[in-house]
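Since the structure comes first, as structure tokens, the remarks are kept for the end.
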Amino acid sequence: MKSVIFAAAVASAAAFAPAQTGKATTALNAFENELGAQPPLGFYDPFGMLDNADQERFDRLRYVEIKHGRIAQLAFLGQITTRAGYHLPGPIDSAGDLFSSYPNGFAAIGGPDSIPGAGTGQILFFIGALELFVMKDSANGAAPGEFVGDFRNGYIDFGWDKFDEETKLKKRAVELNNGRAAMMGILGLMVHEQLGGSVPIVGEL
């Protein structure tokens with residue numbers, strides 16, 4: 001009986017739900033064939049960030065997504081690597097403190113036993129240099145590359161130009177999906193680190 005009442009309530013609520021507007025359909029038609037719009041969700045824009053958007057707006061958001069995905073992949077790999085006991089060899093400062101003597105995760109930069117402030121400053125400076133001079137493409141001021149997120153800027157190739165177009169699209173789709181998964185993964189690790197406990201593969205947080 002309860003399930004019948006619940007189903008009726010859902011049906012009633014659906015009857016009063018607002019109809020889909022034309023702008024959502026326009027965005028869907030414009031970007032449904034873009035890289036990353038794939039099963040099972042297809043084109044997925046729950047916050048309407050692409051409503052009435054043009055190609056320039058889409059390219060800018062795709063650039064940000066790719067860059068954050070790459071950073072998240074490095075962050076997740078860094079988490080599982082250091083928590084497995086692997087650290088850079090040697091001292092981190094002139095006092096002789098070893099890389100392995102500092103805690104893992106957020107505690108390494110924000111806890112009571114974190115690295116010195118000068119070390120944190122060097123990390124921020126390095127990130128700023130990457131942001132300003134390296135991680136750039138046509139969506140953020142650099143010369144146009146082959147695609148949004150192409151940070152080669154005429155210097156690095158690693159054999160990319162030897163792939164056919166189908167292989168390039170497949171590799172770009174794999175990177176995009178791995179970046180999306182990594183963003184969720186590192187966010188989960190950050191939350192669990194504050195909650196405490198243990199996570200499979202990663203270990204004790």
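Atoms considered below: every heavy atom in the structure, side chains included; atoms not considered: hydrogens, waters and symmetry mates.
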Exam field: side chain R62 to backbone G36, donor-acceptor pair closer than 3.5 Å: no
V148 to I66 - nearest heavy-atom pair and separation: O-CD1, 3.3 Å
So, the side chain of D93 versus the backbone of G96: is there a donor-acceptor pair under 3.5 Å, distance only? yes
Side-chain donor/acceptor of S101 to backbone N/O of D97, under 3.5 Å: no
Would one find more than 12 heavy atoms of other residues, nucleotides or ligands at under 6.0 Å from atom CZ of F163? yes
Any side-chain heavy atom of L88 within less than 4.5 Å of one from L98? no
I'd like to know if F106 and I127 are part of one continuous hydrophobic network [Ile/Leu/Val/Met/Phe/Trp/Tyr, side-chain heavy atoms within less than 4.5 Å]. yes
Regarding E193 and N104, do their side chains bring together a donor and an acceptor under 3.5 Å, going by distance alone? no
With a 4.5 Å cut-off on side-chain heavy-atom distances among I, L, V, M, F, W and Y, is there a chain of contacts connecting M190 to M184? no
Minimum heavy-atom distance between A37 and E32, given as atom pair plus value: CB-O, 3.4 Å
To the nearest 0.5 Å, what is the distance between NE2 on H192 and CG on L187? 9.5 Å
In this structure, would F47 and L41 fall into the same cluster of hydrophobic residues linked by side-chain contacts under 4.5 Å? no
Could you go through the side-chain contact (heavy atoms from CB on, under 4.5 Å) check for Q55 and F31 one step at a time? CA-CA 9 Å; Q55 189 65 44; F31 304 115; 3.8 Å; yes
So how far is it from R172 CZ to D150 CG, rounded to the nearest 0.5 Å? 8.5 Å
Side-chain donor or acceptor of S114 paired with backbone N/O of G111 under 3.5 Å: yes
In terms of side-chain geometry, is the basic nitrogen of E146 or K168 positioned less than 4.0 Å from the acidic oxygen of its partner? yes
E175 backbone acceptor or donor facing R70 side chain under 3.5 Å: no
What distance separates Q79 CD from L74 CG, expressed to the nearest 0.5 Å? 12.5 Å
Sequence neighbours excluded, the answer for salt bridge (Lys or Arg N to Asp or Glu O under 4.0 Å) partners of E166 is none
If Ile, Leu, Val, Met, Phe, Trp and Tyr residues are connected whenever their side-chain heavy atoms lie under 4.5 Å apart, and connections chain through other members, are I80 and M183 in the same group? no
So which atom in L35 and which in L169 form the shortest heavy-atom distance, rounded to 0.1 Å? CD1-O, 3.8 Å
To the nearest 0.5 Å, what is the distance between CG (L176) and CD (E34)? 11.0 Å
Hey, are the side chains of Y102 and I92 touching, using non-hydrogen atoms and a 4.5 Å cut-off? yes
Are V64 and L130 linked, directly or through other ILVMFWY residues, by side chains that come within less than 4.5 angstrom of each other? yes
For the student: nearest non-hydrogen atoms of G179 and A72, plus distance: O-CB, 4.5 Å
Applying side-chain contact (heavy atoms from CB on, under 4.5 Å), run through F58 and Y63 and close with a yes or a no. CA-CA 9 Å; F58 178 87; Y63 161 80; over 6 Å; no
Should the pair F147 and W160 be assigned to parallel (<30°), tilted (30 to 60°) or perpendicular (>60°) ring geometry? tilted
side-chain contact (heavy atoms from CB on, under 4.5 Å) filter on L61, not counting sequence neighbours, yields M49, L50, R57
side-chain contact (heavy atoms from CB on, under 4.5 Å), that's the test. Do E56 and R60 meet it? Break it down for me. CA-CA 6 Å; E56 183 179 359; R60 174 61 184 171; 5.8 Å; no
